[in-house]
Novice: 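Just passing along the structure, written as structure tokens.
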Amino acid sequence: MASFAVPLCAIALVLGTLAVTPVSPDVRAVAIAASILLAAASRGTATRLWACVVLAFAAGALNAELPSRAPAAFAEQRTARY
């Protein structure tokens, strides 16, 4: 693999996380533009590396989305005194 594969996948992971988190419209526009630029830059690389970048982007998005959809933890509603 290329020497820049790990930083490229790390950037894709961060951009995937930014794509689904609730942020201001300015930050979202920058994240979308950076994602398009990253996709264009990584498209010329090997197919396996491009697939790894896409997978890292999806994993970052899924990692940010799942905790927000998780049910709230059960909290005890009564005291220990009986």
Novice: Would V20 and L18 show up in the same hydrophobic cluster when neighbours are defined by side-chain heavy atoms closer than 4.5 Å?
Specialist: no
Novice: Could you walk me through whether S24 and V27 pass side chain to side chain contact (heavy atoms under 4.5 Å, CB included), step by step?
Specialist: CA-CA 5 Å; S24 69; V27 174; 3.4 Å; yes
Novice: Should V53 and L13 be regarded as members of a common hydrophobic cluster, given that ILVMFWY residues are connected when their side-chain heavy atoms come within less than 4.5 Å of each other, either directly or indirectly?
Specialist: no
Novice: Do the non-hydrogen side-chain atoms of C9 and V6 ever get within less than 4.5 Å of each other?
Specialist: no
Novice: How far does CZ of R28 sit from OG1 of T21, to the nearest 0.5 angstrom?
Specialist: 6.0 Å
Novice: Look up atom CG in L37 and atom CD1 in I32, then write down how far apart they are to the nearest 0.5 Å.
Specialist: 13.5 Å
Novice: So how far is it from I11 CD1 to F57 CZ, rounded to the nearest 0.5 Å?
Specialist: 13.0 Å
